[in-house]
Amino acid sequence: MKKDVIIIGAGIAGLTAAIYVLRAGHSALCIEGANYGGQIVNSPEVENYPGYQNISGFDLVNTVFEQAKALGMEYQNDKVLSVKKEGDGFVVSGEAASYEAASVIIATGAKRRKLGVSGEERLSGLGVSYCATCDGMFYRKKDTIVCGGGNTALEDAMFLSNFCNHVTICHRRDGFRGEPKLLEQLKEKDNVSFVTDVTVDEIAGAEKVEKLIYTDHKTGAKGEIPANGIFIAVGQIPDTEFVKDLISLDEAGYVIAGEDCATNVPGIFAAGDCRKKPVRQLTTAAADGTVAGLAAAQYTE
Amino acid sequence: MASLKINEGNFEAEVLQSDVPVLVDFWASWCGPCKMLGPIIEEISEERSDIKVCKVDVDENGDLAEKYNVMSIPFVALFKGGEIVKKSVGAVPKSELLKLLED
């Protein structure tokens with residue numbers, strides 16, 4: 001049956017959009033390829049979302065999910081493969097089924113970028129991790145490496161340095177994009193060291209991670225860092241591959257849409273971390289969900 | 001049947017010596033993705049009478065986690081004849097977990 005609005009992605013942006021679509025008196029189907037919740041599920045503590053002094057990402061998003069369900073949101077676990085314009089609406093094709101709607105909201109978010117080196121895939125879950133707060137505890141009193149130079153990398157290194165034997169921050173440039181204050185704090189720590197201006201060549205290990213092999217940009221020499229765990233924090237990629245032929249994306253894959261969340265295709269809106277914008281926080285995801293939800297509701301009228 | 005709580009004391013008897021395949025969920029209370037997977041694990045436990053479903057809290061059973069190279073959670077492993085034959089890392093959808101149970 002044709003829905004008024006299909007929302008692709010069930011993180012904070014998508015679920016907030018559903019709430020606004022439903023409260024505007026329209027039907028909403030939310031389709032999610034993984035489990036609902038999005039990236040915030042990985043955060044054990046959220047302290048910057050208004051209304052909660054401290055709440056876990058899991059509890060927060062569970063509450064929002066239940067809120068949307070109580071308002072009548074339909075939820076489907078399916079991986080969306082394509083969105084096509086058909087007549088005055090859209091056909092959303094997933095692995096399991098096809099769905100129709102008058103309007104579509106893309107709220108698929110972003111995921112951690114992979115380093116793309118030999119050994120990374122094979123040793124994923126065997127020492128290679130993309131979530132320090134999830135897996136850090138397995139490296140108590142052990143040696144770890146954080147790859148990256150942004151805020152996430154620095155935050156991950158700070159978190160790990162509290163209980164790891166040693167943390168090496170490995171970055172492809174000399175300079176860091178992350179907060180200078182955080183960088184200063186890390187430089188003062190006895191168990192944190194830096195290997196910068198290098199290219200990572202390989203993550204090596206037979207059964208599990210044993211070391212990282214790199215090339216120094218200045219000298220061209222090869223080097224290696226022994227480690228039990230390697231945390232990759234080299235940025236994010238938006239989950240927008242499936243709509244690249246339909247709507248305009250920037251070179252990094254983010255959906256080009258302004259604060260009105262409208263894409264270049266009338267009837268398709270973008271909300272949350274997959275949209276090109278300067279600030280990606282829970283609050284801005286909720287804001288996008290609000291704007292996109294109301295806009296989609298109005299479009300269907 | 002509800003899932004069975006496993007510790008170092010009953011792991012041998014309940015998992016390694018089991019006559020039927022055992023799906024073991026390694027998890028921790030502080031892990032959001034593990035909590036996401038929790039209800040799905042319980043559903044599978046209720047639906048599948050041909051297997052046993054167990055949960056191992058890695059905080060309380062660090063030795064078991066280390067023995068099986070659990071370094072990312074949620075870590076769900078299928079044990080047959082005392083050995084891991086298939087595994088899945090991360091908060092995957094139910095359909096992915098059910099694939100572990102296909103021959």
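Everything quoted here is computed from the prediction, not taken from an experiment. Hydrogens, waters and symmetry mates play no part in the numbers below; they use all other heavy atoms, side chains included. Order of the sequence lines fixes the chain letters, A, B, ..., with proteins taken first and strands second; residue numbering starts at 1 for each chain.
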Inset, instruction - Decide yes or no for M36(B) and V61(A): does some side-chain heavy atom of the first lie under 4.5 Å from some side-chain heavy atom of the second? - result: yes
Inset, instruction - Please look at V58(B) and chain A and tell me whether the side chain, the backbone, both or neither of the residue comes under 4.5 angstrom of a heavy atom of that chain. - result: side chain
Inset, instruction - Heavy atoms only: give me the nearest F138(A)-I73(B) pair and the separation to one decimal. - result: CZ-CG2, 3.5 Å
Which donor-acceptor pairs fall under 3.5 Å between chain A and chain B:
residue: N35(A); atom: ND2; partner: A91(B); partner atom: O; Å: 3.0
residue: N35(A); atom: ND2; partner: V92(B); partner atom: O; Å: 3.1
residue: D135(A); atom: OD1; partner: I73(B); partner atom: N; Å: 3.3
residue: D135(A); atom: OD2; partner: S72(B); partner atom: OG; Å: 2.8
residue: K208(A); atom: NZ; partner: N69(B); partner atom: OD1; Å: 3.3

Legend entry - Minimum heavy-atom distance between G33(A) and P93(B), given as atom pair plus value: O-CG, 3.4 Å
Legend entry - Top contributor to chain A interface from A91(B), G32(B), G62(B), C31(B) [non-hydrogen pairs under 4.5 Å]: G32(B)
Inset, instruction - With sequence neighbours left out, write down each residue that passes ring-ring contact (aromatic ring centres under 6.0 Å, His included) with F26(B), or none if nothing qualifies. - result: F75(B)
